[in-house]
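Below is one structure; the comments refer to it alone.
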Amino acid sequence: MKACVLYSGGKDSSLMGLILKRLGFEVELVTANFNVYDSYIPAKLSAKSLDMPHRVLSLDKKILQDAVNMIMNDGFPNEGIKYIHKEVIEAAALEYPVVADGTRRDDKTPKLNKDQIQSLEARKNIQYINLDSFGFKTINTLVSSLFKVKKEKSNKDNSSDYEVEIRILIDEVGGNSSEIFPEHYQTNVVGLKD
């Protein structure tokens with residue numbers, strides 16, 4: 001069965017892709033892009049290092065603009081990122097019978113709640129899978145045994161998260177993305193361990 005894994009190139013979405021692949025799903029790693037910046041490139045490189053197919057899902061820039069408006073009004077990114085994630089999942093659900101992502105138990109955003117998941121599965125007649133039963137420590141244990149990972153300060157050239165295009169659009173419309181997003185680190189999977 002074909003499965004889409006929403007893919008940033010990081011450890012969580014890479015773990016989900018590998019789990020589904022090893023369970024026999026026909027996995028396609030999919031990175032959303034809103035045509036503001038080629039933010040999918042780090043994810044494409046990570047997918048290549050895992051020898052898994054990668055696809056860019058080009059979506060309407062209006063989704064990103066609406067999210068940026070939410071973020072700028074709130075002064076905080078959570079609701080805008082949740083909005084984008086929900087829209088990306090809805091778009092993927094139009095093309096794939098299984099949609100998965102790397103969200104885990106202790107993530108705050110982006111994350112669908114139980115009611116949203118049940119509604120999505122019923123409305124779209126799909127399966128939605130995430131890492132919700134896995135916490136940060138468990139993910140790190142699994143990842144450290146499976147992947148070669150590079151960790152560096154997040155920037156537009158080493159991340160394929162929604163945040164990249166959000167930051168660029170915020171700055172383009174006169175906002176200051178550095179005031180909204182704290183400095184943090186990004187992991188990129190660069191291969192499988194032997």
Pair Val98-Ile126, side chain to side chain contact (heavy atoms under 4.5 Å, CB included): steps then yes or no: CA-CA 6 Å; Val98 176; Ile126 65 155; over 6 Å; no

CA sep, side-chain torsions, deciding dist, call: Leu57, Thr31, side chain to side chain contact (heavy atoms under 4.5 Å, CB included): CA-CA 6 Å; Leu57 181 62; Thr31 304; over 6 Å; no

Derivation and outcome, side chain to side chain contact (heavy atoms under 4.5 Å, CB included), residues Phe76 and Asn78: CA-CA 6 Å; Phe76 198 71; Asn78 284 7; 3.3 Å; yes

CA sep, side-chain torsions, deciding dist, call: Phe34, Ile84, side chain to side chain contact (heavy atoms under 4.5 Å, CB included): CA-CA 10 Å; Phe34 302 93; Ile84 288 176; 3.8 Å; yes

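Side-chain atoms of Ser119 do not come within 3.5 Å of backbone N or O of Asp115 as any donor-acceptor pair. In this structure, Ser8 contributes its side chain and Asp161 its backbone to no donor-acceptor pair below 3.5 Å. Here the side chain of Asn188 pairs a donor or acceptor atom with the backbone of Asn158 at under 3.5 angstrom. The main-chain N or O of Ala43 is never found under 3.5 Å from a side-chain atom of Ser46 such that the two would form a donor-acceptor pair. Side-chain atoms of Asp106 come within 3.5 Å of backbone atoms of Phe136 as a donor-acceptor pair (strictly under, hydrogens ignored).
Distance check, rounded to the nearest 0.5 Å: OG of Ser14 to CD1 of Ile19 gives 11.0 Å. If you take CD1 on Ile129 and CZ on Phe25, they are separated by 4.5 Å, rounding to the nearest 0.5 Å. Between atom OH of residue Tyr128 and atom CD of residue Gln116 there is a gap of 9.5 Å, rounded to the nearest 0.5 Å. Taking CG of Leu131 as the start and NZ of Lys11 as the end, the distance is 11.5 Å to the nearest 0.5 Å. Rounded to the nearest 0.5 angstrom, Arg104 CZ and Ser13 OG are separated by 11.0 Å. Interatomic distance, Lys62 NZ to Asn69 CG, rounded to the nearest 0.5 Å: 8.0 Å.
For the pair Asp101/Tyr7, no side-chain contact is recorded, criterion being any heavy-atom separation below 4.5 Å from C-beta on. A 4.5 Å side-chain heavy-atom check between Pro77 and Thr109 finds every atom pair outside the cut-off. You'll find the side chain of Lys150 stays beyond 4.5 Å of the side chain of Thr187, heavy atoms only. Using a 4.5 Å heavy-atom cutoff, the side chains of Phe147 and Leu142 are not in contact. In this structure the side chain of Leu169 reaches within 4.5 angstrom of the side chain of Gln65, judged on heavy atoms. Within the 4.5 Å cutoff, side-chain heavy atoms of Leu112 are placed close to those of Leu120. The closest side-chain heavy-atom distance from Lys153 to Glu183 is below 4.5 Å. Side-chain atoms of Glu28 and Cys4, non-hydrogen and from C-beta on, never get closer than 4.5 Å to each other.
Remark: the His85 side chain and the Glu90 side chain contain no N/O donor-acceptor pair separated by less than 3.5 Å. In this model, a donor atom of one side chain and an acceptor atom of the other lie less than 3.5 Å apart for Tyr37 and Asp157.
Annotation for Val189 and Ser49: closest pair O-OG, 3.5 Å, computed over non-hydrogen atoms. In this structure, Leu59 and Ala32 approach most closely via the heavy-atom pair CD1-CB, 4.2 Å. Here the closest non-hydrogen pair linking His54 and Ala47 is CB-CB, 3.6 Å.
Residue Tyr162 is grouped with residue Ile180 when hydrophobic side chains (ILVMFWY) are merged at heavy-atom distances under 4.5 angstrom, including chains of intermediate members. When hydrophobic clusters are built by joining Ile, Leu, Val, Met, Phe, Trp and Tyr residues whose side-chain heavy atoms come closer than 4.5 Å, directly or via intermediates, Leu23 is grouped together with Met52. With hydrophobic clusters built from ILVMFWY side chains whose heavy atoms lie under 4.5 angstrom apart, Val149 shares a cluster with Val5. A continuous path of hydrophobic side-chain contacts links Ile81 to Val99 [ILVMFWY only; heavy atoms under 4.5 Å]. Both Val164 and Leu6 belong to a common hydrophobic cluster when Ile, Leu, Val, Met, Phe, Trp and Tyr are linked at side-chain heavy-atom distances under 4.5 angstrom.
Other residues, nucleotides and ligands place no more than 12 heavy atoms under 6.0 Å from the CG atom of Asn125. Residue-environment remark: NZ (Lys124) exceeds the threshold of 12 foreign heavy atoms within 6.0 Å. Counted within 6.0 Å of CG on Asp51, heavy atoms from surrounding residues, nucleotides or ligands total 12 or fewer; the atom is thus considered open.
Ion pairing between Arg167 and Asp171 fails under the 4.0 Å rule for side-chain N and carboxylate O. Glu26 and Lys21 are not joined by a salt bridge, as no carboxylate oxygen comes within less than 4.0 angstrom of a charged side-chain nitrogen. Glu165 and Lys61 are not joined by a salt bridge, as no carboxylate oxygen comes within less than 4.0 angstrom of a charged side-chain nitrogen. Here Arg55 pairs with Glu95 in a salt bridge; the nearest charged N to carboxylate O distance falls below 4.0 Å.
Remark: Asp132 engages Lys111 in a salt bridge (charged side-chain N to carboxylate O under 4.0 Å, His left out) (not counting sequence neighbours). Residues forming a side-chain hydrogen bond (donor to acceptor under 3.5 Å, both in side chains) with Asp107 (at least two apart in sequence, or on another chain): none.
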